[in-house]
Amino acid sequence: MTSPDYTKISQGIVYDPRNGIDGEIRDIWILDGRVVDPPADPSVRASKTIDASGLVVMPGGIDMHCHIAGPKVNVARKMRPEEKRRGEQMPRTNITHSGSMGSVPSTFATGYKYAALGYTTAFDAAIPPIAARHAHEEFEDTPCIDKGFYVLMGNNHYVMQSLMNNEPHKLKAFIAWLLTSTKGFAPKLVNPGGVEVWKSKQAGNVSGLDTKVDHFGVTPRQIICGVAQAAAELALPHPVHIHCNNLGMPGNWETTLETMRALNGYRGHITHIQFHSYGGGNGDENTFNSKVIPLVEYVNSHPNITVDVGQVLFGETTSMTGDGPLGYFLSKVYGGKWFSSDTEMESGCGITPIKYRNKSLVHALQWAIGLEWYLLVKDPWQVVMSTDHPNGGSFLAYPQIIRFLMDKTYRRDVLKTCPPAILERSTLWEIDREYTLNEIAIITRAGPARILGLNNKGHLGAGADADITIYTPHENKEVMFEMPRVVIKSGRVLVEQGDIRETLIGKTLHVQPSYDLDVETDIQEWFEKYYSISWRNYPVDLSYLYESCVIPTRRGS
Amino acid sequence: MTSGSTQAHAPTPTIPGELKVIHDATCTFCGCVCDDIELTVKDDHIIEAKRACALGKSWFLNHSVEDRPSCTIDGNPASLEQGYDRAAQILTNGKYPICYGLSDSPCEAQRVAVSIVDWINGTIDTTTSVCHGPSGMAFQGVGEVTCSLGEVANRGDMILFWGSNPAESHPRHFTKYSLMPKGMFLPNGRKDRTCVIVDVRRTKSAKAADIFIQIKPKKDFEALWTLRALAKGIELDPDLVHRETGVEFSVWSDLMDRMKACKFGVIFFGMGLTMTRGKHVNSEALLALTRDMNAHTRFVAKPNRGHGNVTGADNVVSWRTGYPFGVNHARGYPRFNPGEYTTSDTLANREADCAMMIACDPMANFSQPAREHLATIPYIALDTKETPTTRSAAVAFAVATYGINTGGTVYRMDDVPIPLRPAFASPHPSDYDVLTAIEVRVKKILGIT
């Protein structure tokens, strides 16, 4: 009998916060794509050993909120040829496809770049259910990482109709049916109710949590609360992912606070919260200021709430959102080209090029507000690193954000280049906190894994997926994190010092919660009345998933 | 790495002499991609296609398995293996290989085609470059405000068609999506909608219109800018407008009043706009007008796409290269330049030195200089039928027909992806099979792992 084909990462400085390991020298053993306990027999040798002495070892990074696949992302690729020709080029090699960059990289480029950054899992945050098949097709062309997506349902007619008719059992079954049909991962609410109003009238939107949505008579508060409750009852691994109403508007912090309260104690994740933490009144940019403190106080005292930041970085990018009225607003602010698409029964979409300038007080405040969030949330398990790629900036900026968090001098140096008024309108200058490597490991891998309910990711204990990143320590943390020494995915070495050594396609993570099948008849009746495609052609079958990985509910089913 | 999934949904077996019914089959004849067709199949024929339009019925009922070799080399029957080898040699020997067509193939095959082009540093282009390419370029200039076809059915109370004749090109457009359906907010269907058609001639669609506006040929741009001015409240010289557009000023101003008064307006546009004088500036004017109208009410626009999966081709080429069509990989990475890397140009400029033509017929419909050059270079052709292009090909593959013999995915003109439910198997390979086999050989020749 041949001995098992072990790989060993030897003597690295291991950061594995979930298992309480904070910078200890350890060996990590890998077998068949998983981390395993060291073999009991000390004479067993690994067939491959990676010498990590002096190097930092962490689980692979997890991006829990980005836009990397599906109709909206692809439209943005088509719409922005001008930023690709002059930027970085991605020629093909003997093992990799070519691609294009810009703020919205092509599929292959996205996969390679994530892997080269030490990220091994990413979730697209906003897929219209009717286009789920498209997202899965792109996922198959997005190599090197595991992927999943959140399903837009905050403006879904059946959701609002169930709430209007006070039929929570139908809502619950519908959410489960929709996630199963799309092979999606989690419910996503984007400007709940507001997108439906946008479809029905000029510059339409809801103004707050208690505005009634035309035709349905339900409020954003009812949608948030109803979906959070249904998701909790379904025991979804990631119950509800919320893009609040009034994104980007001065004074929107109150809407955000009300959204947290509307969760009624149910678990909920508020995404790109930086964009939702603004003081000021009546859309007046002159009064724009940070309201992180009152919001962070609420988060610090409510463990049911988690957030990701949506950090803004200075430079040019593309704004893309399922929030149709927001897209309209931004297109008027920037005056450039604008894409909008309304999807029947389900959702909307807005895309426009934008540029964040450090000399703009508003943009500099957005940047500072993002950093305030990382630095003021007490428990790092409640806050996750994101740029809302590409909205605040590219995921490729994560190393720079890490440097901002670990180096207060650097942070303040950049702050000095911003308009001085920023000092009166945010608290960033006064914050002395610097993140430790262990805390960085939490907000980039262990935390998102826990928030997403991924038991096999974000840690290095036995049974974990062998998705591992090895970094060369450096005083400048941006340098340390922008080019990992080795990136291992499913036990295979994909990247060494920025060079792709091998590729794989990766798994698709999705859920299939059980539900009351009787409700399907009602869903079908509604569907056949209003949809433009056939009921049987709507669900995505498993053939579209290169490798399916069902994540169990929190009940374990 | 493999590219493209194995194709889903092989046809269910057919028992000789027995009837088989396929529910919710998808018609790929035009960009409407109707997916509610009920096919009755007997042996290797479709004998009934319920709910299909005249074009769809003819697509399904006239389909027969071509009794010709699956592969010919220089016109002589050859084995598939010989064909794959020769195809790979041609593509890897060339200095400027091009690949064109794609819009009548499922996405799974399109993905393999883009892979091959990537490996050979070739140029990939689709039939978009000769139909709605100008719309794609206009889109890059101003963006687009649009929606899915179900939104039109549920909300669209004012429907305009500009340079588009769906009664003949997309026969179920009116009944299934745009005019007749009783939608959520339009309970009385057609009665709740106003239909306006703008064209240079009285087409068969005109009789469906409440208002038909016949403009002077080649004056679409002027007509659209008249409307843009009216939308913004800019004063115009009525005589000049009449002279330029051939239509009384009062007609335009009445139209604008109606456009502002509707709740959800939709403009469908066709090649009558994109392929006449002005081309992409026409599309740009229309997209800009639609955008402007959103200052008054909700308004969207949508190109009426022709081929069954031309929208899929736009999507696949975009997600893999970042650009929708006309993409050159000569430097090892994608570059986009319509007018240079588009097929009619690479051929007419005598740049391409070998080609692969997938489900298209440039020998029948390209310009004479392009056809003349194509005739001088070795090329591969994949088609379900014999065409002038297959007849002159160095290697020709007779392939199975997507949606009838093979499965896969197509994108409707509004980017909604729809699966195919094939009726019966073909003795010929699918284009996915052929392209995959060629890719394997290309990679081997080039030493790609």
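For clarity, every value in this text was computed on a predicted model and none was experimentally measured.
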Output, in order, the C-alpha distance, side-chain angles, deciding distance and verdict of side chain to side chain contact (heavy atoms under 4.5 Å, CB included) for B:E108 and A:E137. CA-CA 9 Å; B:E108 288 77 358; A:E137 287 202 292; 3.7 Å; yes
Quick check: do B:T146 and A:F339 have side-chain heavy atoms less than 4.5 Å from each other? yes
B:E144 vs A:S341, test: side chain to side chain contact (heavy atoms under 4.5 Å, CB included). Steps then yes/no. CA-CA 8 Å; B:E144 182 180 53; A:S341 182; over 6 Å; no
So which atom in A:M345 and which in B:N154 form the shortest heavy-atom distance, rounded to 0.1 Å? SD-ND2, 3.5 Å
How long is the straight-line distance from CE of B:M184 back to NZ of A:K529, given to the nearest 0.5 Å? 8.0 Å
Between B:N121, B:L446, B:T26, who has the most heavy-atom pairs with chain A when the cutoff is under 4.5 Å? B:N121
Region of B:V142 that comes under 4.5 Å of a non-hydrogen atom in chain A: backbone
Checking A:N537 side chain against B:D24 main chain: does a donor-acceptor pair fall under 3.5 Å? yes
A:K84 to B:F336, cation-pi by 6.0 Å centre distance and 45° axis angle: no
Run the side chain to side chain donor-acceptor pair (under 3.5 Å) test on B:D118 and A:S98 for me, step by step, so that the C-alpha distance in whole Å, both residues' side-chain angles and the decisive distance to 0.1 Å come before the verdict. CA-CA 7 Å; B:D118 195 12; A:S98 68; 2.8 Å; yes
Just do the side chain to side chain contact (heavy atoms under 4.5 Å, CB included) check on B:C147 and A:K199 with the steps written out, would you? CA-CA 10 Å; B:C147 70; A:K199 291 178 180 182; over 6 Å; no
Flag the one option from B:A295, B:A288, B:G312 with the top tally of heavy-atom pairs under 4.5 Å to chain A. B:A295
All heavy atoms of B:P334 vs all of A:Q89, minimum pair found to be O-OE1, 4.4 Å
Which one wins on heavy-atom pair count under 4.5 Å against chain A: B:L287, B:D314, B:D36, B:T321? B:T321
Tell me, for B:K302 versus chain A, whether the close heavy atoms (under 4.5 Å) come from the side chain, the backbone, both or neither. neither
Tabulate, in ascending numerical order, the residues of residues 259-266 of chain B having at least one heavy atom closer than 4.5 Å to a heavy atom of chain A, or enter 'none'. B:K263, B:F264
Would you be so kind as to tabulate the donor-acceptor pairs closer than 3.5 Å made by side chains of residues 324-333 of chain A, with sequence neighbours excluded?
unit_1: A:Y328; atom_1: OH; unit_2: A:Q202; atom_2: NE2; d: 3.3
unit_1: A:Y328; atom_1: OH; unit_2: B:N294; atom_2: O; d: 3.3
unit_1: A:S331; atom_1: OG; unit_2: A:Y328; atom_2: O; d: 2.8

Less than 4.5 Å to any heavy atom of chain A: does that hold for the side chain of B:F185, its backbone, both, or neither? side chain
Between B:S318 and A:N74 (side chain of the first, backbone of the second, donor and acceptor by atom type, cut-off under 3.5 Å), is there such a pair? no
Among B:R155, B:R335, B:K182, B:H329, residue most engaged with chain A (heavy-atom pairs, under 4.5 Å): B:R155
